[in-house]
Amino acid sequence: MESLKGKTAWVTGASAGIGAATARALGQQGAHVLLSARREDRLEELAAELPSAEVLALDVCDAAQVKAAVADRSLDIVVACAGLARGLDMLQDGDPTDWAVTLDTNLKGVLHVVHAALPGLIRQGHGDLVFLGSVAGRQVYPGGNVYCASKYGVRAVYEALRMDAGGKGVRYTTVDPGMVETDFTLTRLGDPEAAAKVYENMHPLSAEDVADAVLFAVTRPKHVNIGEIVLWPTCQASTRDVTRDS
Ligand SMILES: NC(=O)c1ccc[n+]([C@@H]2O[C@H](COP(=O)([O-])OP(=O)(O)OC[C@H]3O[C@@H](n4cnc5c(N)ncnc54)[C@H](OP(=O)(O)O)[C@@H]3O)[C@@H](O)[C@H]2O)c1
């Protein structure tokens, strides 16, 4: 395992769930962590518990804000984790406002992060760009439609980068989990009871399980690029099949 001491890691979506767990994991291994999301109070709380961290509050949908936040920064690791889903409506019943928020955050937000960080990584000739994709970027499911489209899009961006910006010392990774118990489902459904039901009688991944995969990818020797990590809960066979305890 390569040391993270002296490295700077920028994590978006660091105010909750997988992003917060990833920031914690990287910080505990010695990285200086730049924490981004919209909820500044949560970022400040996390920064206070890490050995070395700074808060860069921002909205990933705002390209100028994202660019300005890291304009003078030298980055070693970038984890584009900010993301969400809105609703589980069938496509014909969907709300275009929800579609816009989902695509703006998950796909354009990732592009804004790439645009802000990648030129510096290429210039210095090293670095890690890690995407939080999803198994929803590999298999669709009923009601997944636009969220799945956003995550298929993230996978396309990951694959495109390997071609457009490969061979320049930068490593590209997509970490694609199945069901992870975070606030993700509450944000999607807006109803705590309905959200709790999604994880009922099954053993989902934790945010820390996913953070562990990110940590593994960014601590390999320099010549090793872990490209794609797909993590499922053991009881989840596909985006449609979950075995629950009776
Ligand atoms: N949970 C799962 O089952 C699962 C499975 C596969 C993939 N994923 C992916 O993992 C990533 C993290 O999700 P999670 O499960 O950790 O959900 P979460 O606990 O709800 O965290 C989502 C994070 O994204 C941030 N965010 C959302 N919109 C943003 C915006 N416009 N600008 C900046 N930050 C924004 C939120 O911060 P603020 O609200 O403070 O801005 C929060 O920190 C997402 O990309 C999601 O698609 C999740």
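As the structure lists them, so they are numbered: ligands from 1, and atoms in each ligand from 1.
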Does the ring of Y152 carry R138 above it, NZ/CZ under 6.0 angstrom from centre and within 45° of its axis?
-> no
Is it true that the side chains of H115 and K67 contain a donor and an acceptor less than 3.5 Å apart?
-> yes
Does ligand 1 have an atom that lies less than 4.0 angstrom from a heavy atom of G133?
-> yes
Minimum-distance protein heavy atom relative to atom 18 (P) of ligand 1 | F184 N, 4.0 Å
Nearest heavy-atom approach of D183 to A16 is OD2-CB, 4.4 Å
Atom 39 (O) of ligand 1 - nearest protein heavy atom and its distance | R38 NH2, 3.0 Å
Which residue and heavy atom of the protein sit nearest atom 42 (C) of ligand 1, plus the separation = S15 OG, 3.5 Å
Heavy atom of the protein closest to atom 25 (C) of ligand 1 (residue, atom name, distance) | G13 CA, 3.7 Å
N/O to N/O below 3.5 Å, does that happen between Y147 and ligand 1?
-> yes
So is R220 actually on top of F216's ring, under 6.0 Å and inside 45° of the axis?
-> yes
Under-4.0 Å heavy-atom contact with ligand 1, by part of T105 that carries it = side chain
Can a non-hydrogen atom of G178 be found less than 4.0 Å from any atom of ligand 1?
-> yes
Would you tell me which option among A80, G83, A20, A211 has the nearest heavy-atom contact to atom 22 (C) of ligand 1?
-> G83
Atom 31 (N) of ligand 1: nearest protein contact (heavy atom, Å) | D59 OD1, 2.8 Å
Which of the atoms in ligand 1, numbered in the order shown and given with their element, are less than 4.0 Å from a heavy-atom of A37?
-> 33 (C), 34 (N), 37 (O), 38 (P), 40 (O), 41 (O)
Side-chain donor-acceptor pair under 3.5 Å between R162 and N225, yes or no?
-> yes
Side chain R244, main chain E200, donor-acceptor under 3.5 Å = yes
Got the closest protein heavy atom to atom 10 (O) of ligand 1, with its distance?
-> I18 CD1, 3.5 Å
Atoms of ligand 1 less than 4.0 Å from D183 heavy atoms?
-> 19 (O), 20 (O)
Residue G17 vicinity, atoms of ligand 1 by number, heavy atom under 4.0 Å = 16 (O), 19 (O)
For P177, is the nearest heavy atom under 4.0 Å from an atom of ligand 1?
-> yes
Please state which part of K151 comes within less than 4.0 Å of ligand 1, counting heavy atoms only: side chain, backbone, both or neither.
-> side chain
Return yes if some donor-acceptor pair links the side-chain N/O of Q124 with the main-chain N/O of L75 below 3.5 Å, else return no.
-> yes
F131 side chain reached by V78 side chain, heavy atoms, under 4.5 Å | no
Could you name the option among V180, V175, T12, L132 that has the heavy atom nearest to atom 3 (O) of ligand 1?
-> V180
With a cutoff of under 4.5 Å between side-chain heavy atoms, which Ile, Leu, Val, Met, Phe, Trp and Tyr residues group with L103?
-> L91, W99, V146
L58 contact mode with ligand 1 (heavy-atom cut-off under 4.0 Å) = backbone
Assess whether atom CG of D93 is packed by more than 12 heavy atoms of other residues, nucleotides or ligands within 6.0 Å.
-> yes
Above 12 or not: heavy atoms from other molecules or residues under 6.0 Å from CE of M163?
-> no
How far is atom 21 (O) of ligand 1 from its nearest protein heavy atom, and which residue and atom name does that atom have?
-> A16 CB, 3.9 Å
N/O to N/O below 3.5 Å, does that happen between G19 and ligand 1?
-> no
Does V60 offer a backbone N or O that forms a donor-acceptor pair with the side chain of H112 under 3.5 Å?
-> yes
Report the nearest protein non-hydrogen atom to atom 34 (N) of ligand 1: residue, atom name, distance rounded to 0.1 Å.
-> A82 CB, 3.5 Å
C81: heavy atom below 4.0 Å from ligand 1, yes or no?
-> yes
Taking atom types as modelled, is there a side-chain donor on H32 or E54 under 3.5 Å from an acceptor on the other?
-> yes
